[in-house]
Amino acid sequence: MSFRLHNTATRTVEEFVPLERGVVRMYVCGPNLYGPAHVGHGFSYAFFDVLRRYLEYRGHRVLHVQNFTDIEDRIIERATREGRGVAEIAQEYVDRFFREIDALGVRRADYYPRASETIPKIVEIIAGLIARGHAYRVNGDVYFRVSSFPRYLRLSGRSLEEMQAGARIDPDPRKEHPMDFVLWKAAKAGEPSWPSPWGPGRPGWHIECSAMILQYLGEQIDIHGGGEDLVFPHHENEVAQSEAFTGRMPFVRYWLHNALMKPPVGEEMHRHLGNFVSLQDALRQYSADAIRLFYLSAHYRTPVRWTDEALRASTRGLERLRTALTNAEEAIARTSDREDAGLTEPARRAREAFEAAMDDDVNTPQAVAALFTLAAEINRVADGALKGSGQGRAGLWVASDTLRDLAQVLGLSLQRPGVTARLVPALQAVLADVRTHAAELFPEPASTADPEHLIRTLLAGRERARARHAYDVADRVRARLGELGILVEDLPTGPRWRVASPDGREPSPDARQPRP
RNA sequence: GGCGGCGUAGCCAAGAGGCAAGGCAGGGGUCUGCAAAACCCCCAUCCCCCGGUUCGAAUCCGGGCGCCGCCUCCA
């Protein structure tokens, strides 16, 4: 089956065929660096990361470029207000952006151009547009002449007439047409500016993306992505500038737009509304995998609401996938059978269902469902193996390998968080505590600096306690470990522990420590 | 006003003419000292409402009701 994507330009799901066989040129609109990223940004980046991973899984080489808007009204406003440099603020948020998307497990794009570094290309394009009659100068400003571009508004499916009927702002009287948009803004006192044939100034917002695409990806690209709020005017204007400049169309073969995330309360999450959940806060409360599983729980064109309830549900669901892998490992370690116990076929079916779902306009909810179905099959066989049927070693290996591989395409690591050295003092305190109750059960461990060794020591002592029916001691160990976020489970094969906070949350390892 | 989207179980969410995926929560059971995990079973005769088309509709058509987005900045 072919890979199909919803193209905003046609509003239909189309078969995806890249311009150049085996190579996909993809550009995704990046952040305006005037403030922190929120979970809605994270959703967009994570979704396009999944798209990129799947394209690569399907054998394409993906050239991925994402911009940083580092010169723009809001950053300038902020710099002025705080008495700081524009570049300083931009750099602060670039650094933070990378910390956060790295923590989220978003693979980095091939290149992250900044508007301020793309000025020569921007000037070249504007000069070309003026020369071709697609743009005009008004004092130091330069505007795009929409009347010169008949295809204007085709992407967003509007008409100039209706746009004006619904206009919510007073048009600048200096413009030839109310819908003409700015390509170059003349410098104002105190603002950063660059020289140009029209005098010092800075680029308008839309032109940077056109310039970056032309500079780094070419005159025609396969995929251009971003939030659906960017369709108009941002992407519409990009099309106009780019196609008017190059004379080639389509500038973009497939326009992809993700739905916007809804805040816990209200309908729109926006930085300027102040109702956002920052990516940083999200990562402090939930693991990257849980956040990504939540993102993938709905189709990318369906708006989802960020709620603690939903994130906890995703954390639990994630735990189920991880447990399947753990169960498989334990079953494999305890069986010698070479038969597949009927798991090879379910693994193949899961991969087939996964690919069919992803092929259908990146239907991640269905793809995730395939993962859960496979996890259930793994658990079924692992359960049987641990209960003594002793079968399934080969099948468990194949099935868990498949689960890991498919999860990886979704950017899910399925890694359990480990215990950190920070827990050592607390674990030592637990040991000292139980030793006052039953020192004979808990001999001094060889090492008191390794958290895992301390946990093993405690659990070994607890097993001795259980063997003597000293359940008060055994339960005390389990309760104290539970307070530290370590869940103890007594399986038929012996005790097992894992990190799992009782409130259903699970911070991302990198985000646990508050920043200084 | 123009353009567009949505309404599926307690919650989240797929499905888009052939008889309702998956997750979370919940109930019963197996296992277990208990708890947890896992497994087994149960949990929408029905998909906002009313008409219509069809052998057959949650899916198509018509009409309602409700919610939301874009038309300034925004992932």
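Residue numbering restarts at 1 for every chain, and letters A, B, ... go by the order of the sequence lines.
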Rounded to whole Å, CZ of A:Arg496 lies from P of B:A36 at a distance of 14 Å

For nucleotides B:U59 and B:U54, find the distance between their P atoms and express it as a whole number of Å.
16 Å

Per A:His272 side chain, nearest of listed nucleotides B:C73, B:G22, B:A21
B:C73

Side chain of A:Arg158 only, heavy atoms from C-beta on: which candidate in B:A75, B:A13, B:C71 is closest?
B:C71

Both A:Arg316 and A:Asn327 contact RNA chain B. Taking the nearest nucleotide for each, which residue is further toward the 5' end?
A:Arg316

According to the Watson-Crick and G-U wobble definitions, with both distances under 3.5 Å, which nucleotide is paired to B:G66?
B:C6

Taking any strand in view, what nucleotide pairs with B:A38 in a Watson-Crick or G-U wobble way, both distances under 3.5 Å?
B:U30

Check whether any side-chain N or O of A:Arg322 sits under 4.0 Å from OP1 or OP2 of B:A37, and answer yes or no.
no

Between A:His38 and A:Tyr300, just flag the one whose closest nucleotide in RNA chain B comes earlier from the 5' side.
A:Tyr300

Does the A:Tyr254 side chain pair with the main chain of A:Glu15, one donor and one acceptor, at a distance under 3.5 Å?
yes

Verify the contact: side-chain N or O of A:Thr364 to OP1 or OP2 of B:A13, cut-off strictly under 4.0 Å; return yes or no.
no

B:U45 -> Watson-Crick or G-U wobble partner, both distances under 3.5 Å, gives none

For nucleotides B:C61 and B:A21, find the distance between their P atoms and express it as a whole number of Å.
24 Å

Value in whole Å for how far the P atom of B:G22 lies from CG of A:Leu406
17 Å

A:Glu208 and A:Thr118 side chains, donor-acceptor separation under 3.5 Å
no

May I ask you to evaluate whether A:Asn363 reaches the phosphate of B:G15, defined as a side-chain N or O under 4.0 Å from OP1 or OP2?
yes

Candidates B:A13, B:A37, B:G33 - which lies nearest the side chain of A:Arg498
B:A37

Out of B:G33, B:C73, B:A14, which has the shortest distance to the side chain of A:Arg74?
B:C73

Without swapping roles, check the side chain of A:Arg292 against the backbone of A:Gly105 for a donor-acceptor pair under 3.5 Å.
yes

Could you measure between the two P atoms, the one in B:C24 and the one in B:C39, and give it in whole Å?
10 Å

Among B:G23, B:A75, B:G4, which nucleotide has an atom closest to any side-chain atom of A:Phe372?
B:G23

Minimum-distance nucleotide (side-chain atoms of A:Asp383 versus B:A75, B:G33, B:C39)
B:C39

Nucleotide nearest A:Asp490 when distance is taken to its side chain, options B:A35, B:C11, B:A38
B:A35

In whole angstrom, give me the gap between the P atoms of B:U8 and B:C49.
10 Å

Look at the side chain of A:Thr69 and the backbone N and O of A:Asn32, then say whether any donor-acceptor pair between them is shorter than 3.5 Å.
no

Shortest side-chain distance from A:Arg320, nucleotide among B:C70, B:A37, B:G23
B:G23

Which nucleotide in B:A37, B:G15, B:A35 has an atom nearest any side-chain atom of A:Arg478:
B:A35

Measure the distance from CD on A:Glu228 to C1' on B:C71 and round it to the nearest whole Å.
14 Å

Base B:G33 paired with A:Asp475 side chain (donor-acceptor, <3.5 Å)
yes

Which part of the nucleic acid, if any, lies within contact of A:Gly226, taking any heavy atom under 4.0 Å across all strands shown: a base, the sugar-phosphate backbone alone, or nothing?
sugar-phosphate

Looking at A:Arg158 and A:Glu236, does any basic side-chain N land under 4.0 Å from a carboxylate oxygen?
no

Aromatic centroids of A:Trp306 and A:Phe294 separated by under 6.0 Å:
yes

Without decimals, in angstroms, what is the distance between A:His469 NE2 and B:U32 C1'?
13 Å

Quick one: A:His234 NE2 to B:C71 P, roughly how many Å, whole number?
14 Å

Look through every strand shown and name the nucleotide pairing with B:C60 as Watson-Crick or G-U wobble, where both distances are under 3.5 Å.
B:G52

Looking at the side chain of A:Ala369, which of B:G33, B:G22, B:C39 is the nearest nucleotide?
B:G22

With rounding to whole Å, what would you report as the distance between B:C6 and B:G23 at their P atoms?
25 Å

Separation of the P atoms in B:A75 and B:C65, to the nearest angstrom
36 Å

Can you measure A:Asn379 atom CG to B:A37 atom P for me and round it to whole angstrom units?
12 Å

To the nearest angstrom, how far is A:Tyr295 atom OH from B:A75 atom P?
14 Å

Donor-acceptor pairs under 3.5 Å, side chain of residues 324-331 of chain A to any protein atom, not counting sequence neighbours: which ones?
residue: A:Thr326; atom: OG1; partner: A:Arg322; partner atom: O; Å: 3.0
residue: A:Thr326; atom: OG1; partner: A:Arg416; partner atom: NH1; Å: 2.9
residue: A:Asn327; atom: OD1; partner: A:Arg496; partner atom: NH1; Å: 2.8
residue: A:Asn327; atom: OD1; partner: A:Arg496; partner atom: NH2; Å: 3.4
residue: A:Asn327; atom: ND2; partner: A:Thr323; partner atom: O; Å: 3.4
residue: A:Asn327; atom: ND2; partner: A:Asn379; partner atom: OD1; Å: 2.9
residue: A:Glu330; atom: OE1; partner: A:Arg496; partner atom: NH1; Å: 3.4

Let me know the distance between CD of A:Glu329 and C1' of B:A38, rounded to the nearest Å.
15 Å

Per-pair stack call A:Tyr471 and B:G33, 5.5 Å, 30°
yes

Considering only atom C1', compute the distance from B:A9 to B:G22 and round it to an integer number of Å.
13 Å

Please give me the minimum heavy-atom distance between A:His6 and A:Tyr300, naming the atom from each residue.
CB-OH, 3.8 Å

Taking only the P atom of each, what is the distance from B:C12 to B:C48 in whole angstrom?
14 Å

